[in-house]
Number of protein chains: 2
Amino acid sequence: MAQKENLYFSPLKTLSKKAMSTKMEESIQSIFQLPQVVLAEVCDAFKPLDLPKIFFLLRSGKICHNIWFVQSGLTRHFYVDDRGKERNTWFTVENNFTTDIPSLLNQQPARENIQLLEDSIIYAIAYSDVQKLQQKHHAFCIWYIKMLENNYFHQIEQRIDELQFMNATERYFNLLKKEPSFSQRISLGNIASYLNISQETLSRIRNEKPTF
Amino acid sequence: MAQKENLYFSPLKTLSKKAMSTKMEESIQSIFQLPQVVLAEVCDAFKPLDLPKIFFLLRSGKICHNIWFVQSGLTRHFYVDDRGKERNTWFTVENNFTTDIPSLLNQQPARENIQLLEDSIIYAIAYSDVQKLQQKHHAFCIWYIKMLENNYFHQIEQRIDELQFMNATERYFNLLKKEPSFSQRISLGNIASYLNISQETLSRIRNEKPTF
DNA sequence: ATGCTTTTTTGATGTAGGTCAAAACACTTC
DNA sequence: GAAGTGTTTTGACCTACATCAAAAAAGCAT
């Protein structure tokens with residue numbers, strides 16, 4: 001799974017403000033209705049980026065400074081274990097916020113990499129701006145709490161459940177149910193890694209071959 | 001693991017306000033320094049309870065209305081799986097906040113039970129009061145965000161890691177390192193359930209007997 | 001101390017899913 | 001279309017840990 005990643009270490013292309021879609025505004029407002037002034041400020045803090053497949057939003061070892069909103073496209077979060085194997089921990093699909101929590105909150109080097117699996121339109125907000133907005137606007141705090149609660153907690157609690165209480169087959173079909181598009185968009189190997197199943201076993205599950 | 005739980009279905013004993021320790025105040029202030037007025041209001045919203053071992057803070061099927069602060073004592077979170085087996089999902093030790101997120105946030109029946117493993121002093125705040133405080137005090141929002149971030153995220157991300165990337169032996173020693181007191185305070189069976197290991201295997205791990 | 005209950009340990013056996021190696025398939029690119 | 005690269009499938013074998021059953025130990029009440 002060696003990537004031609006270095007090709008893409010060019011500076012981020014920035015979309016014009018005008019090209020900034022209202023889709024993100026909608027996403028923001030659907031979480032909690034912000035006053036127009038605050039909304040404008042929040043949107044202004046999010047910088048739109050048009051990025052190619054294979055680009056790294058975050059590299060292991062670097063400190064994470066952003067929260068991202070995936071407007072279109074797909075990311076995978078992974079780290080390299082002590083045996084050199086890439087381990088996927090998360091995918092973020094369009095209309096979701098994402099970041100690396102441990103690195104962001106403690107401003108410490110990230111274990112995770114965040115890489116694009118598809119050409120994507122991403123809005124990035126600096127964590128320093130998030131903190132400023134928190135200080136400045138009470139309404140933003142409320143929005144932020146709800147964003148964490150809806151977006152983050154829910155998903156993460158489910159993930160624990162899957163890992164703790166489902167077997168390989170159940171994990172796979174559970175994922176298919178939640179994210180039907182994944183089987184087309186993400187390679188078997190990447191899905192297997194996320195589900196903590198070997199490629200071979202996932203292949204057998206997919207083809208309903210019993211392990212005999 | 002049949003409990004004599006019903007013995008304790010008496011109304012909650014409430015401690016006098018005077019008995020309310022400053023320990024919780026300290027815990028609150030250590031997360032984020034609140035203005036005196038706000039702090040007073042927050043403390044006032046937390047009701048102290050002196051509860052016996054085996055008491056249930058939350059029962060599966062009920063809607064969770066509170067966030068709790070464990071001043072002293074210990075809780076276990078568990079649910080009963082489809083085969084009738086109790087599955088521990090979490091322990092909360094003194095000086096930590098706890099609740100059942102899925103039930104609290106969506107005000108839906110809980111899957112989890114939260115039960116005391118020791119006589120405990122618990123401070124309970126109604127979620128409705130949390131929401132009122134959020135609306136009323138900007139500072140409280142900031143405190144709340146930090147509380148979630150420090151308290152919750154960090155622990156929960158670690159939990160995913162343990163489940164996804166560690167084997168049984170690693171999970172056990174990792175827990176011992178993080179919570180050395182657990183081996184004294186919590187029965188082997190309860191620890192095994194939390195670690196998602198059978199009692200027998202955990203017993204062998206503890207006694208360094210290889211599985212042959 | 002003497003039961004009685006609950007928890008922990010030990011041993012024997014079973015199985016889900018991992019690992020290794022090779023073949024089959026699917027893509028790009030020339 | 002052939003060659004090259006990456007991905008998926010297949011088969012043989014292995015291992016970590018579960019399950020079942022029974023014994024031993026530890027907590028309790030009386």
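No hydrogens, no waters, no symmetry mates; every other heavy atom, side chains included, goes into these values. Being a predicted model, the structure only gives us computed values, none of them experimental. Here is the naming used below: chain letters follow the sequence lines, and residue numbers restart at 1 for every chain.
Taking only side-chain nitrogens and oxygens, B/S203 never comes nearer than 4.0 Å to OP1 or OP2 of C/dT8. Applying the 4.0 Å criterion to OP1 and OP2 of C/dG18, one finds that A/S198 has a side-chain N or O inside that range. Look at B/N167 and you won't find any side-chain N or O under 4.0 angstrom from OP1 or OP2 of D/dA16.
A/I197 comes within 4.0 angstrom of the backbone, heavy atoms only, and of no base.
Here D/dA18 presents its C1' atom at 12 Å from CZ of B/R171, a figure rounded to the nearest Å. When rounded to the nearest whole Å, the span between CG of A/L163 and P of C/dA16 equals 19 Å. A/Q184 places its CD atom 12 Å from the P atom of D/dT8, with the value rounded to the nearest Å. One can place CG of A/N190 at 14 Å from P of D/dG6, the figure rounded to the nearest angstrom. We find that CG of A/L202 is positioned 16 Å from C1' of C/dT19, with the value rounded to whole Å. In this structure, B/L188 places its CG atom 12 Å from P of C/dT10, rounding to the nearest Å. Atom CD in B/Q199 sits roughly 15 Å away from atom C1' in D/dA24 (whole-Å rounding). Between B/N207 atom CG and C/dT8 atom P there is a gap of 11 Å when expressed in whole angstrom units.
Ring geometry, A/Y123 versus A/F69: the interplanar angle falls from 30° to 60°, so the pair is classed tilted. By the 30° and 60° cut-offs, the orientation of the rings of B/F97 relative to B/F46 is tilted. The aromatic rings of B/Y152 and A/F153 stand perpendicular to each other, their planes meeting at an angle above 60°, with 30° marking the opposite boundary. Aromatic ring orientation, B/W90 versus B/Y194: perpendicular (interplanar angle above 60°, classes split at 30° and 60°).
Among C/dT19, D/dT9, C/dT10, the nucleotide with an atom closest to any side-chain atom of A/R206 is D/dT9.
Relative to the ring axis of A/F78, A/R87 does not place its NZ or CZ within 45° and under 6.0 Å from the centre.
Scanning atom types as modelled, one donor and one acceptor separated by under 3.5 angstrom connect the side chain of B/R204 and the base of C/dG11. In the interface, the side chain of B/E200 is not paired with the base of D/dC17 through any donor and acceptor atom under 3.5 Å apart.
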